[in-house]
Amino acid sequence: MVKSITAIYPGSFDPLTNGHLDIIERTSNLFTNVIVAVANNVNKKHLFTIDERIGLLSQSIEKLGNVKVHSFEGLLADYIRSINSFVLIRGLRVLSDFEYEFQIALMNRKLDKNIETVFLMTSQSYVFLSSSVIKEIALLNGNIKDFVPKHVAKALKRKRLDHLASM
Ligand code: COA
């Protein structure tokens with residue numbers, strides 16, 4: 001059965017990397033619409049505010065006509081239900097991601113039996129990427145140009161300068 005499906009790609013995106021973008025672009029080729037859902041978790045310490053993370057993502061998806069950026073608070077399962085979707089996208093980089101993601105996928109299905117988690121294998125060139133590693137390299141003034149979009153690299157540079165100025 002072919003029908004119109006909106007897929008949700010959730011995450012912290014602190015900040016967005018080329019690895020995330022790769023998953024977003026590939027998801028946009030598979031589903032009618034994609035919502036990139038930025039988790040607004042006040043208990044987690046982020047480098048970028050929720051508005052900054054949304055802004056960086058929005059700039060990156062401008063050319064993808066069927067992708068939107070939203071934010072959500074609370075349980076992901078509740079958010080997915082609130083927008084009448086049931087497809088959750090997660091990227092898998094290495095085998096160790098699978099164990100964690102499998103547990104979360106089963107728990108989300110327990111919270112809402114309609115939720116289907118679809119895993120996309122990260123492209124080989126991004127297997128080693130993570131937002132924390134990028135932040136660490138950027139704050140130590142390393143070269144991150146191959147790992148994030150240009151505007152994200154600029155935003156990281158600004159954070160580094162702000163950090164230095166505050167010392
Ligand atoms: N390319 C590059 N990096 C990737 C990646 C990819 N394709 N996929 C994941 N990553 C990295 C991220 O950069 C991030 O790196 P970091 O840990 O260094 O910051 C890490 O993998 C995990 O990031 P992400 O996929 O964004 O997950 P998250 O743990 O930040 O957020 C939520 C996951 C938001 C989906 C989850 O916390 C959630 O559902 N929260 C809502 C509360 C809830 O419902 N809880 C119950 C769940 S059963």
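All ligand and atom numbering here is 1-based and tracks the order in the structure. The basis for the numbers below is simple: all heavy atoms, side chains too, and nothing from hydrogens, waters or symmetry mates.
Residue I23 places no N or O, backbone or side chain, under 3.5 Å from any N or O of ligand 1. Checked by distance only, ligand 1 and S130 come closer than 3.5 Å through their nitrogen or oxygen atoms. Between L111 and ligand 1, not a single N/O pair is under 3.5 Å apart. Residue contacts with ligand 1: S131 is placed with a nitrogen or oxygen under 3.5 Å of a nitrogen or oxygen of the ligand (distance criterion only). For the pair S12 and ligand 1, the shortest N or O to N or O distance falls below 3.5 Å. Looking at R93 next to ligand 1, an N or O pair under 3.5 Å apart turns up.
Between F102 and F98, the ring planes lie parallel to each other; the angle is under 30°, not in the 30° to 60° tilted range. Relative ring orientation between Y79 and F72 is described as parallel, the plane-to-plane angle staying below 30° on a 0-90° scale split at 30° and 60°.
Listed by number with element, the atoms of ligand 1 under 4.0 angstrom from any heavy atom of S132 are 16 (P), 17 (O), 18 (O), 19 (O). Every atom of ligand 1 is numbered from 1 in the order shown, and the set under 4.0 Å from a heavy atom of M107 is 48 (S). The distance from ligand 1 to the heavy atoms of A39 drops below 4.0 Å at these ligand atoms: 34 (C).
A salt bridge does not link R158 to D162: none of the charged nitrogens lies less than 4.0 Å from a carboxylate oxygen. With salt bridges taken as basic N to acidic carboxylate O contacts below 4.0 Å, one links E52 and K159. Look at D97 and R90 and you find no salt bridge, because none of the NZ, NE, NH1 or NH2 atoms lies under 4.0 Å from a carboxylate O.
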Run the side-chain contact (heavy atoms from CB on, under 4.5 Å) test on F13 and L56 for me, step by step, so that the C-alpha distance in whole Å, both residues' side-chain angles and the decisive distance to 0.1 Å come before the verdict. CA-CA 9 Å; F13 304 105; L56 293 173; over 6 Å; no
Determine, stepwise, if the pair R26 / L30 fulfils side-chain contact (heavy atoms from CB on, under 4.5 Å). CA-CA 7 Å; R26 286 163 51 207; L30 291 173; 5.7 Å; no
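At least one protein heavy atom sits closer than 4.0 Å to atom 43 (C) of ligand 1. Per-atom contact check: atom 36 (C) of ligand 1 does not touch the protein, criterion being a heavy-atom distance below 4.0 Å. Per-atom contact check: atom 13 (O) of ligand 1 touches the protein, criterion being a heavy-atom distance below 4.0 Å.
Contact analysis puts R90 in contact with ligand 1, with a non-hydrogen atom separation below 4.0 angstrom. Ligand 1 lies less than 4.0 angstrom from a heavy atom belonging to G74. For D14, the heavy-atom gap to ligand 1 stays at 4.0 angstrom or more. Ligand 1 has at least one atom lying under 4.0 Å from a heavy atom of F72. Using a 4.0 angstrom heavy-atom cutoff, K44 counts as in contact with ligand 1.
For the pair S12 and R53, the tightest heavy-atom approach, listed with the atom from each and the gap, is O-NH1, 2.9 Å.
The number of heavy atoms from other shown groups lying within 6.0 Å of CG (L161) is above 12. Within a 6.0 Å sphere centred on NE2 of H151, heavy atoms belonging to other residues, nucleotides or ligands number more than 12.
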